[in-house]
Amino acid sequence: MPESRRLQSVQMPIIPVIADLIRAHPGTISLGQGVVNYAPPPAAVSAISRFLAEPGNHKYQATAGIPDLREKIAQKLYAENGVHTGEAHGNCLMVTAGGNQAFINVVLAIVDPGDEVILPVPYYFNHEMAITMANARPILVPTNNRYELDLEALRAAITPRTRAIVTISPNNPSGVVYSESALRAVNALCAAHGLYHVNDEAYEYFTYDDAKHFSPASISGASAHTISLFSMSKAYGFASWRIGWMVFPKELEPAIQKIQDTVIICPPVISQCAAAGALGEGRSFVQEKIQQLAETRAMVQHELASLETAGLADVSPASGALYFLLRLRSRQTPLAYTTRLIRDHGVAAIPGDAFGLSQGCHLRIAYGALQPAMAVEAVGRLVAGVKALQD
């Protein structure tokens with residue numbers, strides 16, 4: 001029996017495709033998946049013994065998350081993001097099984113079939129996939145040549161069926177950090193047109209040089225139309241633990257409770273306990289790791305600069321996240337180019353068309369998973385491969 005027509009229209013996840021190619025070519029170094037090279041803090045691991053000591057923890061817990069974790073998240077949001085949570089502030093906080101689940105919760109809560117959600121390009125592929133799965137329409141709006149938001153293009157894309165504009169900052173896949181003024185402008189645009197502003201902040205700590213992260217939910221009066229998504233996967237090395245959270249308007253609480261209860265009942269409690277332990281260590285744990293990543297990033301950036309000097313690629317002005325985005329001078333498709341890099345040069349990247357970059361040949365380069373020496377080796381292979389694959 002065939003799958004539904006709805007799912008037939010959803011793109012295949014690109015990460016497993018590239019993983020299969022890597023497995024077929026042993027010795028390949030991956031600049032593909034966006035994860036970090038460090039484990040969760042010790043307090044996360046020690047929290048598990050406390051979880052196991054209480055038999056009641058093996059039962060279902062609150063749909064929105066365990067109280068200890070929710071309290072720590074609320075304190076973090078207030079202290080670091082300037083975001084107040086709770087009924088008095090017109091919004092709600094819910095723990096989710098990662099940032100992706102938070103996004104699908106949002107989509108199912110706000111769209112009907114045929115509705116539209118605006119995605120600046122490049123987008124995060126799982127966002128586009130979730131919108132399509134919900135029988136809604138992703139409306140793709142180009143950014144400028146530096147991958148920054150184009151407010152007038154976003155404004156022009158709004159129709160009577162538009163329900164939300166999605167922003168990701170720091171951005172996956174470009175690494176660009178949107179300015180506070182740009183995010184304020186998008187938030188005001190959404191307010192003026194009765195839309196939700198959905199802001200994905202999974203990479204909030206990963207900023208470099210003079211870049212500053214900004215949370216639109218901190219804007220006075222924004223709580224009624226602003227939805228904020230967070231994840232512990234990157235900052236706390238929690239990718240497999242699947243813990244994130246969302247802050248959303250009070251009016252969406254009944255809908256999101258229905259979705260959460262149907263999809264997962266409650267996020268895994270053992271993971272929530274570990275997350276509460278990790279948040280107890282706080283931002284200082286993360287900052288130490290990011291300082292080390294910044295050194296790797298600088299080395300990668302230096303190596304990639306040679307491609308710009310040679311006129312073979314443009315490199316995104318990435319001041320955040322774990323990525324650089326390359327725009328290559330090539331007529332090959334991104335997947336064909338990536339396949340040749342893996343097969344002939346032992347290095348993997350992610351094809352840019354997975355992120356909606358349908359014109360030209362783009363590759364996303366992720367450096368966070370590798371130790372510094374291995375990252376330099378991988379980028380050296382990439383640079384050599386790009387020079388060899390001129391066409």
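These figures come from a predicted structure and were not determined experimentally.
Nearest heavy-atom pair, A182 versus L149, reported as atom, atom and distance to 0.1 Å: CB-CD1, 4.4 Å. Across every non-hydrogen atom of Y337 and G385, the tightest pair is OH-O, 4.4 Å. Between A378 and V347, the closest heavy-atom pair is O-CG2, 3.4 Å. Here the closest non-hydrogen pair linking V286 and A235 is CG2-O, 3.6 Å. Looking at every heavy atom in both residues, A43 comes nearest to S46 through O-OG, 3.1 Å. The nearest pair of heavy atoms linking V107 to A130 is CG1-O, 3.9 Å.
Listed for the K234 side chain is no donor-acceptor partner under 3.5 Å among the backbone atoms of Y205. Listed for the R364 side chain is no donor-acceptor partner under 3.5 Å among the backbone atoms of P173. Of the possible polar contacts, one joining the R297 side chain to the A318 backbone as a donor-acceptor pair under 3.5 Å is found. At distances below 3.5 Å, not a single donor-acceptor pair connects side-chain atoms of T96 with backbone N or O atoms of Q101. A donor-acceptor pair is defined here as one N or O able to donate and one able to accept, closer than 3.5 Å; no such pair exists between the side chain of R146 and the backbone of P317. Of the possible polar contacts, one joining the Y208 side chain to the A321 backbone as a donor-acceptor pair under 3.5 Å is found.
At most 12 heavy atoms of other shown residues, nucleotides or ligands fall within 6.0 angstrom of atom CD in E87. Atom CZ of R327 has more than 12 neighbouring heavy atoms from other residues, nucleotides or ligands inside a 6.0 Å radius. The number of heavy-atom neighbours closer than 6.0 Å to CG of N144, taken from other residues, nucleotides and ligands shown, is above 12. Around the NE2 atom of H302, the shell of radius 6.0 Å holds no more than 12 heavy atoms that belong to other residues, nucleotides or ligands. In M374, the CE atom is not crowded: 12 or fewer heavy atoms of neighbouring residues, nucleotides or ligands sit closer than 6.0 Å.
Using a 3.5 Å distance cut-off with no hydrogens or angles, the side chains of E204 and N81 do pair a donor with an acceptor. Side chains of N91 and H84: a donor-acceptor N/O pair is absent below 3.5 angstrom, by distance only. For Y236 and E281, the side-chain atoms include no donor-acceptor pair closer than 3.5 Å. A donor atom on one side chain and an acceptor atom on the other are found under 3.5 Å apart for T226 and N187. With 3.5 Å as the limit, one finds a donor-acceptor pair spanning the side chains of S233 and R242. With no hydrogens or angles considered, no side-chain donor-acceptor pair links Q257 and T63 at under 3.5 Å.
Within the 4.5 Å cutoff, no side-chain heavy atoms of V166 are placed close to those of Y124. Side-chain contact between V117 and P138 is absent, with no heavy-atom pair separated by less than 4.5 Å.
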* Yes or no on salt bridge (Lys or Arg N to Asp or Glu O under 4.0 Å) for R50 and E54, after CA distance, side-chain angles and deciding distance? -> CA-CA 7 Å; R50 295 194 295 275; E54 175 52 61; over 6 Å; no

* Asked: Would F248 and V106 count as a side-chain contact (heavy atoms from CB on, under 4.5 Å) if you check the C-alpha gap in whole Å, the side-chain angles of each, and the deciding distance to 0.1 Å?
  -> CA-CA 9 Å; F248 54 92; V106 171; over 6 Å; no

* Tell me, with the steps shown, if L52 and I48 meet side-chain contact (heavy atoms from CB on, under 4.5 Å). => CA-CA 6 Å; L52 295 172; I48 295 172; 4.2 Å; yes

* To do: Please lay out, stage by stage, how R137 and I139 fare under the test side-chain contact (heavy atoms from CB on, under 4.5 Å).
  => CA-CA 6 Å; R137 295 182 59 217; I139 303 300; 3.8 Å; yes

* Decide yes or no on ring pair (Phe, Tyr, Trp, His ring centres under 6.0 Å) for H127 and F355, but give the supporting numbers first. => CA-CA 10 Å; H127 287 175; F355 305 98; over 10 Å; no

* Trace of the ring pair (Phe, Tyr, Trp, His ring centres under 6.0 Å) decision for Y323 with Y203 -> CA-CA 11 Å; Y323 311 110; Y203 298 91; 5.6 Å; yes

* To do: Dump the intermediate steps for side-chain contact (heavy atoms from CB on, under 4.5 Å) on L326 and L382, then the final yes or no.
  => CA-CA 11 Å; L326 305 186; L382 177 79; 3.9 Å; yes

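S169 pairs by the side-chain hydrogen bond (donor to acceptor under 3.5 Å, both in side chains) definition with nothing, not counting sequence neighbours.
For the side chain to side chain contact (heavy atoms under 4.5 Å, CB included) test with L370, the passing option among V300, I29, V36 is I29; the others fail. When the options I265, V95, N105 are evaluated for a side chain to side chain contact (heavy atoms under 4.5 Å, CB included) with Q260, the one that passes is N105.
Using cut-offs of 30° and 60° on the angle between ring planes, the pair Y38 and F285 is perpendicular. Taking the six-membered ring where the residue is Trp, F324 and Y367 present tilted rings, their angle falling between 30° and 60°.
No continuous path of ILVMFWY side-chain contacts below 4.5 Å connects L69 to L229, so the two sit in separate hydrophobic clusters.
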